[in-house]
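Keep in mind that this is a model prediction, so the values were computed, not measured.
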Amino acid sequence: DGDSVPVPVLGGRDAFYGVASPAENVIWAVGRGGKIVRSDDGGRKWARQASATGANLQSITAWDSARAVVVGNDATVLLSADGGRTWQAGAGLPSEAEGRKLIRVRRAADGRAYAVGEFGLVLSAPRFGGAWESLGRQEDVAWNDIAASGHTLILVGEFGRIRRSADGGRNWQDVASPVKSSLLGVAVSTDGRLVAAVGLDGVVLLSADDGRSWRAASSGTREHLFGVTATSAGWAAVGDKGLLLRAPADAQTWDARRLSENSYAWHTDVEAHAGRLYLAGATLSVLGLDNKLEQFK
């Protein structure tokens, strides 16, 4: 006779592509095969949440510990208003989104959500993810990330493409980019004065005029960078081969280091909360206030 062994929530074959920490000790992560996990105690214990999909989930954003939106492959949009106890499919997606990959979802303070993806997809929804509408146009380019600051929206994507709207997405202007390589992440500083974008080959771009013009900054690395976030102290970016980049508020100097001596794991997303950095990728990890890396298991 023997006892059954419970399947661990976090497994060695997992890959997480998006992470969110909307409240103290609350961590959500999404990834391969429709997997959604959540911790309410800072990562000591984890629970798997039923997503009712096997599609790869690429990104999550959350306004608080109850309300969140997830996007992924095959035009997957999932909404929760109860902390993830239940997830519902997003309603009213435009026809051009059918079957397409949604790559990132971002939130605005007023409860509006923005999502971007392949073939020019740019979507917007009020009321924490209801009634989606298209803000983009069908074209052979993938938008990899979007940053929202008031009515200003900034898109970054393939081939160094940057596009900007000053009126919430009704009108768009292409912006000259210093690079031709793909840009994968963009974020606005906590005070709204600076925008940073990151991409392949260690590219870091900065804008001090709300995304109207851009200049390249030295990142100290040629490794690919996949995500960037603003922190209370400045900036953090993650990418290939276990790299973490940090910069002060002016983003003039970037310090590129491995998360730990033997870490070569890639990470696609990073979110800051209460002085901590939460990372999603080949590992699901947190960098604490003491700069000690902890890999969740």
Residues H224, K241; criterion side chain to side chain contact (heavy atoms under 4.5 Å, CB included); working and verdict: CA-CA 9 Å; H224 301 330; K241 297 184 180 178; over 6 Å; no
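- Separating the CZ atom in F119 from the CH2 atom in W143 is a distance of 14.5 Å, to the nearest 0.5 Å.
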Stepwise side chain to side chain contact (heavy atoms under 4.5 Å, CB included) check, T221 with W254: CA-CA 9 Å; T221 182; W254 291 76; over 6 Å; no
Trace of the side-chain hydrogen bond (donor to acceptor under 3.5 Å, both in side chains) decision for S260 with N262: CA-CA 6 Å; S260 63; N262 297 317; over 6 Å; no
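- Under the 3.5 Å distance criterion, the side-chain polar atoms of W235 are matched with a main-chain donor or acceptor of A249.
- The environment of R257 atom CZ is sparse: at most 12 non-hydrogen atoms of other residues, nucleotides or ligands sit within 6.0 angstrom.
- Residues L183 and L205 are in side-chain contact: their nearest non-hydrogen atoms beyond the backbone lie under 4.5 Å apart.
- Checking side-chain atoms of T76 against main-chain N and O of V71 turns up no donor-acceptor pair under 3.5 Å.
- Looking only at side-chain heavy atoms (C-beta outward), R246 and L287 come within less than 4.5 Å of each other.
- Among the candidates R67, R107, E271, R106, the single residue satisfying the side chain to side chain donor-acceptor pair (under 3.5 Å) test with T61 is R107.
- For the residue pair K35 and G11, the shortest heavy atom distance occurs at NZ-N, 4.2 Å.
- Put simply, CG on D140 and CZ on F159 are 7.0 Å apart, with the number rounded to the nearest 0.5 Å.
- The main-chain N or O of V238 is never found under 3.5 Å from a side-chain atom of H267 such that the two would form a donor-acceptor pair.
- Taking the ring centroids of W63 and F128, they lie under the 6.0 Å cut-off.
- Ring planes of W87 and W28: perpendicular class, angle over 60° (limits at 30 and 60°).
- Of all heavy-atom pairs between V19 and A280, the closest is CB-CB, 3.8 Å.
- A 4.5 Å side-chain heavy-atom check between L78 and I36 finds at least one atom pair inside the cut-off.
- Separating the OG1 atom in T283 from the CD atom in E294 is a distance of 11.5 Å, to the nearest 0.5 Å.
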L102 vs L123, side chain to side chain contact (heavy atoms under 4.5 Å, CB included): CA-CA, chis, key distance, verdict: CA-CA 9 Å; L102 295 170; L123 306 178; 4.0 Å; yes
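- Side chain of D240 to backbone of E223: no donor-acceptor contact under 3.5 angstrom is found.
- Atom CD of E98 has 12 or fewer heavy atoms from other residues, nucleotides or ligands within 6.0 Å.
- Under a 3.5 Å cut-off, the side chain of T152 and the backbone N or O of A166 do not form any donor-acceptor pair.
- Interatomic distance, L121 CG to L93 CG, rounded to the nearest 0.5 Å: 9.5 Å.
- S149 places no side-chain N or O within donor-acceptor distance of the main-chain N or O of G192, the cut-off being under 3.5 Å.
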S134 vs E96, side chain to side chain contact (heavy atoms under 4.5 Å, CB included): CA-CA, chis, key distance, verdict: CA-CA 8 Å; S134 176; E96 59 264 36; 2.9 Å; yes
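- The minimum heavy-atom distance between A251 and A217, with the atom names listed, is O-CB, 4.4 Å.
- Under a 3.5 Å cut-off, the side chain of S65 and the backbone N or O of A23 do not form any donor-acceptor pair.
- Side chains of N144 and E158: a donor-acceptor N/O pair is absent below 3.5 angstrom, by distance only.
- P178 and A216 make their closest contact through CG-N, 4.3 Å (heavy atoms, listed as atom of the first residue, atom of the second, distance).
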Evaluation steps, side-chain hydrogen bond (donor to acceptor under 3.5 Å, both in side chains), between D209 and S207: CA-CA 6 Å; D209 56 6; S207 173; 2.9 Å; yes
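- Side-chain atoms of D255 and T253 include no donor-acceptor pair closer than 3.5 Å.
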Intermediate values then yes/no, side-chain hydrogen bond (donor to acceptor under 3.5 Å, both in side chains), D41 and S39: CA-CA 6 Å; D41 59 5; S39 174; 2.8 Å; yes
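- Rounding to the nearest 0.5 Å gives a distance of 4.5 Å between OH of Y17 and CZ of R32.
- Under the 4.5 Å side-chain heavy-atom criterion for grouping Ile, Leu, Val, Met, Phe, Trp and Tyr, Y278 is connected to V9 within one hydrophobic cluster.
- In this structure, R85 and R38 have side chains that are not in contact, with every pair of non-hydrogen atoms separated by 4.5 Å or more.
- Residues P8 and W46 form no side-chain contact, since every pair of their non-hydrogen atoms from C-beta on lies 4.5 Å or further apart.
- For S285 against L293, the heavy-atom pair with the smallest separation is CB-CD1, 3.8 Å.
- Side-chain contact between S177 and W214 is absent, with no heavy atoms from C-beta onward closer than 4.5 Å.
- Atom CG in D269 sits 8.5 Å away from atom CG in L279 (nearest 0.5 Å).
- Placement of V186 and L184 in two distinct hydrophobic clusters is found when ILVMFWY residues are connected by side-chain heavy-atom separations under 4.5 Å, directly or transitively.
- Counting only heavy atoms from C-beta outward, the side chains of D250 and L194 never approach each other to under 4.5 Å.
- In this structure, the side chains of V286 and F296 come closer than 4.5 Å at one or more pairs of heavy atoms.
- Under a 3.5 Å cut-off, the side chain of E118 and the backbone N or O of K101 do form a donor-acceptor pair.
- Of all heavy-atom pairs spanning S165 and N171, the tightest one is OG-O, 2.8 Å.
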